[in-house]
A.B. asks: 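Quick one: the structure is below, questions incoming.
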Amino acid sequence: MKLHLARRVKVIESSKIEESLRILEQHPEIISLGAGEPDFPAPPNVIKSAEKFLEKGFTHYSPLQGRHELREELVKKLKKDNKIDADPENIIISCGSKESILLAIMTLVNPKEEVIIPDPGYIAYRPIVQMLDGIAKSMPLKEDDGFEAHPDILKKIITRKTRLLVINTPSNPTGSILTKRVLEEIADIAVEKDLMILSDEAYEKLIYDNEKHVSIASLDGMEDRVVTVQSFSKTYAMCGFRVGYAVADERIIKEMTEFKICTTLAAPTFAQLAAVEALRNSASYTKMMVKEYDMRRRMVIKRLGEMELACTTPKGAFYAFPNIKKFKLPSVKFSDALMKKGKVVVIPGTEFGRYGEGHVRISYATSHDKLVQALGRIERFIQKI
Ligand SMILES: Cc1ncc(COP(=O)(O)O)c(C=O)c1O
C-alpha cells in the first residue's frame, strides 16, 4: 500500500539523541552524558502526596486550564520568586512546559510569520514553529558573548513579519543566563518593534555562583508582552509527572486554554495536586540538588580545563557546552567517534541549531562517579585523535 503521510512529518528530522538512546539500550558499558533530566528521583513528600491523591480517587480529568489549587499556589510563587503579579486567570497548567510552548506559539503566530529562536537553543522550538507553518529564524548566540543574546544581532534579524521572540534563561544547551541588563535591552527592542516574547524559564531554579534569575515579565511595562513558561520537571525532578505552566495576559491564556481541547485536555490531576505539595514543601530538596549539581559543574569545568577544552563556564541548568573546534571534526562525527571508541555519549552541538557546530553538550545530571569515569574516558579519547 502506498502510504500518504503529511508533508509535516519532514519537519522532524531524526534526532541524534534518539539514536544514542537506542544504542545505549543495547550497550550498557557506554556512559551517557546526554540526559536532559535530573538523575534524582522526585522528592519523597511529592511521591507520597501523589499516592495519597491517587488513593483518594483523583483519577479523573482536570479543568482545561488546570486545577484551581495549583494556580492559586503559583500566584504566590510567581509574586515571591519572579516578581510577576498574576492571578489564577493569568495561568494555564500544561503537560510539561513543552506543551505551554506549543500552545503559546499556536496562539500567537500565524502561518508565514517569523519567530526568532536562540541558536544554539532548545531542540523543540524550531520544529514546533515549522509544524505550525511559521518561519523559525535563528538568533546566533556567540561564544565570545558567553552565549548571551546580543541585542545588536537581534535588531538586525527582526523584520516586519517577526511576531515572536523566544528567549531561554538559563539556557539549554549552553548553561548561560541572561542578565538583567541584557533582558532590559531585549525588552526595549520588543517594545520598539512591537514583538511578543516567549520566555522559557524551565531551569529558573538551577543557578550557580550567586547569580540571580530574572524573569523578563517582571521588568517595567513587560507584563502584557510576555508569555512566561516554567516547569516542575527540573526544579523538583518531576519530569515524569508532566506538569508545567504558562503565565500571560488573560486573553492569551484563554485562547491557549481553548486549544487544550485538541492537545492533551489537561495535565494529570494527581500530578497537579502533588505539584502543590512541591511548591509548599520541597524548596530544601531543590537546594540539595543545586548543591550537588554545582559540585559536579565545578568538577566538569576543572577537568575540561585540564584537557585544554575551552568551555564557557555555565551559570545555570546542568549542561556544559565545550568547544571542540580544535579537532577539526564536525560535532556529529566527534560525538559518534566518542561513543564508538570512547564509550561516552555526548550530544553534538548541531542538534541545537547550526550555530552549535564546533561544540558538544555534556549533561552533569549524571552521578558523580559516572561523571568522573566518563571524563576520564573523554580525556583518553581526545589524546588519541
Ligand atoms: C529549555 C527547556 N524548556 C522546556 C523543556 C520542557 O520540559 P518539560 O516539558 O518537562 O517541562 C525542556 C526540557 O528539556 C528544556 O530543556
Side-chain angles (χ1 to χ4, degrees), residues 15-18 21 32-42 46 66 70 74 91-105 115 117-129 136 139 141 147 149 164-178 197-207 213 215-216 227-247 256 260 263-264 266-268 271-272 274-275 278-279 286 289 293 314-321 347 349 351-353 356 361-366:
S15 132
K16 276 275 153 198
I17 298 185
E18 211 181 300
L21 285 177
S32 174
L33 301 182
E37 66 168 318
D39 55 314
F40 296 92
V46 171
L70 178 54
L74 283 169
I91 301 172
I92 182 172
I93 311 298
S94 54
C95 275
S97 58
K98 187 176 278 189
E99 192 195 10
S100 276
I101 297 170
L102 170 70
L103 296 170
I105 297 176
V115 179
I117 58 171
D119 185 346
Y122 176 44
I123 272 170
Y125 305 137
R126 184 176 297 276
I128 290 178
V129 172
M139 169 167 62
L141 304 183
F147 294 112
L164 180 69
L165 165 65
V166 178
I167 59 172
N168 173 216
T169 181
S171 151
N172 174 8
T174 67
S176 62
I177 59 169
L178 297 174
I197 294 179
L198 175 62
S199 180
D200 180 346
E201 302 176 12
Y203 296 89
E204 59 165 334
K205 296 289 177 191
L206 310 186
I207 297 254
H213 171 74
S215 292
I216 194 165
V227 180
T228 305
V229 171
Q230 299 179 347
S231 179
F232 286 81
S233 293
K234 325 286 172 173
T235 303
Y236 300 106
M238 287 171 63
C239 292
F241 283 67
R242 306 310 299 133
V243 189
Y245 51 97
V247 192
M256 287 171 70
K260 283 287 275 181
T263 57
T264 60
Q272 293 187 50
L279 285 171
T286 307
M289 288 193 293
Y293 288 142
K315 302 278 184 191
F318 38 58
Y319 307 112
F321 203 56
I347 309 294
E351 286 287 288
F352 308 97
R361 189 189 77 177
I362 287 178
S363 163
Y364 47 91
T366 312

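Values reported hereafter were calculated over all heavy atoms of this structure, with side chains retained and with hydrogens, waters and symmetry mates removed. Counting starts at 1 for both ligands and their atoms, in listed order.
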A.B. asks: Is G244 close enough to touch ligand 1? Criterion: a residue heavy atom under 4.0 Å from a ligand atom.
C.D. replies: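 Contact check G244 vs ligand 1: negative.
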A.B. asks: Does Q272 reach the main-chain N or O of G66 with its side chain, forming a donor-acceptor pair under 3.5 Å?
C.D. replies: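 Judged by distance alone, no pair lies under 3.5 Å.
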A.B. asks: Counting each atom of ligand 1 from 1 as listed, which ones have a heavy atom of N172 under 4.0 Å away?
C.D. replies: 1 (C), 16 (O)
A.B. asks: CD1/I128 to CD1/I101 distance, rounded to the nearest 0.5 angstrom?
C.D. replies: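 Result: 5.5 Å between the selected atoms.
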A.B. asks: For atom 10 (O) of ligand 1, grab the closest protein heavy atom and report residue, atom and distance to one decimal in Å.
C.D. replies: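 Closest protein heavy atom to atom 10 (O) of ligand 1: S233 OG, 2.6 Å.
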A.B. asks: Starting at NZ of K315, measure out to OG1 of T169 and round the result to the nearest 0.5 Å.
C.D. replies: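 One finds 12.5 Å between NZ of K315 and OG1 of T169.
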A.B. asks: Below 3.5 angstrom, do we get any N/O pair linking N168 and ligand 1?
C.D. replies: no
A.B. asks: Do the charged groups of R242 and E99 touch, with an N to O distance under 4.0 Å?
C.D. replies: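 No salt bridge links R242 with E99.
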A.B. asks: Counting each atom of ligand 1 from 1 as listed, which ones have a heavy atom of Y203 under 4.0 Å away?
C.D. replies: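 Listed by number with element, the hits are 1 (C), 2 (C), 14 (O), 15 (C), 16 (O).
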A.B. asks: What residue and atom, counting heavy atoms only, is the protein's closest point to atom 14 (O) of ligand 1, and at what distance?
C.D. replies: K234 NZ, 2.7 Å
A.B. asks: Ignoring hydrogens and angles, tell me if any N or O in the side chain of T286 forms a donor-acceptor pair with the backbone of T235 under 3.5 Å.
C.D. replies: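 Here the side-chain-to-backbone pair exists.
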A.B. asks: Using modelled atom types only, decide if a donor and an acceptor are shared between the side chain of S231 and the backbone of A202 within a distance under 3.5 Å.
C.D. replies: no
A.B. asks: Looking at G36, is its backbone amide N or carbonyl O close enough to the side chain of K234 to form a donor-acceptor pair, meaning the two atoms are under 3.5 Å apart?
C.D. replies: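 Flag set: sc K234 to bb G36 pair under 3.5 Å.
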A.B. asks: Under 4.0 angstrom from ligand 1, any heavy atom of F232?
C.D. replies: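 No, F232 has no heavy atoms under 4.0 Å from ligand 1.
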A.B. asks: Under 3.5 Å, N or O to N or O, is Y319 touching ligand 1 that way?
C.D. replies: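 No, since none of the N or O atoms of Y319 sits under 3.5 Å from an N or O of ligand 1.
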A.B. asks: Taking the side chain from N172 and the backbone from T174, do they hold a donor-acceptor pair closer than 3.5 Å?
C.D. replies: no
A.B. asks: Return yes or no for this condition: an N or O of S97 is under 3.5 Å from an N or O of ligand 1.
C.D. replies: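 It does: an N or O of S97 is found under 3.5 Å from an N or O of ligand 1.
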A.B. asks: What are the atoms of ligand 1, with element, lying closer than 4.0 Å to any heavy atom of R242?
C.D. replies: 8 (P), 9 (O), 10 (O)
A.B. asks: Would you mind finding which of D200, V243, T169 brings a heavy atom closest to atom 2 (C) of ligand 1?
C.D. replies: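 That would be D200.
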A.B. asks: Report, in ascending order of atom number, the atoms of ligand 1 lying under 4.0 Å from any heavy atom of S231.
C.D. replies: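 What qualifies from ligand 1 is 8 (P), 11 (O).
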